[in-house]
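Bear in mind the structure is a predicted one, so any value in this text is a computation, not a measurement.
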Amino acid sequence: MELIQYQIILVNLDPTISSEIKKTRPCIIISPDEMNRHLRTITIAPMTTTSRIYPTRVEIKHDNKLGWAVIDQIRTINKARVLKILGSLSKPEIKEVKSVLKETFID
């Protein structure tokens, strides 16, 4: 299975500790394609369907449902946790994810 940056994938996040987002859920691949091709791990942002308005959350529409990418819960996982590919972000969603990543981790 080829994993590409900004794809939406179904991931088993368990086991988790404390307030980490848990269970099997959609996630967005954040790591660049070069890393995705050569490493056994990928970096993801989990998604949720219930969220408060936070500056680290990005609204995503997938499969005719509204959800949020939780940028403040980014983590690196083993590719074995990936169950299947669900789709990809739209160009405007990619732009917003990049903006929130930059705002959160660089500026």
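Closest heavy-atom contact between N78 and A80: OD1-N, 2.8 Å. Closest of all the heavy-atom pairs between L13 and R81 is C-NH1, 3.3 Å. Closest heavy-atom contact between I28 and Y6: CG2-CA, 4.1 Å.
Using a 4.5 Å heavy-atom threshold, the side chains of L3 and D33 count as separate. For the pair L66/T49, no side-chain contact is recorded, criterion being any heavy-atom separation below 4.5 Å from C-beta on.
In this structure, CD1 on I74 lies 4.5 Å from CZ on F105, to the nearest 0.5 angstrom. The structure places OG of S88 at 9.5 Å from NE2 of H62, a figure rounded to the nearest 0.5 Å. The structure places CG of L83 at 13.0 Å from CZ of R25, a figure rounded to the nearest 0.5 Å. K98 NZ to E93 CD: the interatomic distance, rounded to the nearest 0.5 Å, is 13.5 Å. In this structure, the separation between CZ on R40 and CD1 on I42 is 14.5 Å, given to the nearest 0.5 Å. Residue C27 holds its SG atom at 7.0 Å from CZ of R75, rounded to the nearest 0.5 Å.
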**Q.** Test log, rule side chain to side chain contact (heavy atoms under 4.5 Å, CB included), inputs N36 and I4
**A.** CA-CA 7 Å; N36 299 337; I4 299 169; 5.7 Å; no
Q: Dump the intermediate steps for side chain to side chain contact (heavy atoms under 4.5 Å, CB included) on Q73 and I71, then the final yes or no.
A: CA-CA 5 Å; Q73 290 259 348; I71 303 300; over 6 Å; no
Q: Begin from the C-alpha positions of K79 and T41 and carry the test side chain to side chain contact (heavy atoms under 4.5 Å, CB included) through to its verdict.
A: CA-CA 5 Å; K79 289 177 183 176; T41 57; 5.9 Å; no
Q) Please walk me through it: do L101 and I30 pass side chain to side chain contact (heavy atoms under 4.5 Å, CB included)? A) CA-CA 9 Å; L101 283 167; I30 301 296; 3.9 Å; yes
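Using modelled atom types, no side-chain atom of R57 and backbone atom of V70 make a donor-acceptor pair closer than 3.5 Å. Formation of a donor-acceptor pair under 3.5 Å by the D63 side chain with backbone atoms of K65 is not found in this model. In this structure, K61 contributes its side chain and S90 its backbone to no donor-acceptor pair below 3.5 Å. Without hydrogens or angle criteria, D14 side chain to K23 main chain gives a donor-acceptor distance under 3.5 Å. Judged by distance alone, with hydrogens and angles left aside, the side-chain atoms of S31 form a donor-acceptor pair with the main-chain N or O of T43 at under 3.5 Å. With hydrogens and angles ignored, the 3.5 Å screen pairs a side-chain donor or acceptor of T104 with a backbone N or O of V100. The backbone N or O of I29 sits nowhere less than 3.5 Å from a side-chain atom of Q7 that would complete a donor-acceptor pair.
Hydrophobic clustering (side-chain heavy atoms under 4.5 Å, transitive across Ile, Leu, Val, Met, Phe, Trp, Tyr) groups V58 together with L89. The cluster map of Ile, Leu, Val, Met, Phe, Trp and Tyr, joined by side-chain heavy atoms under 4.5 Å apart, puts M1 and I44 in the same cluster.
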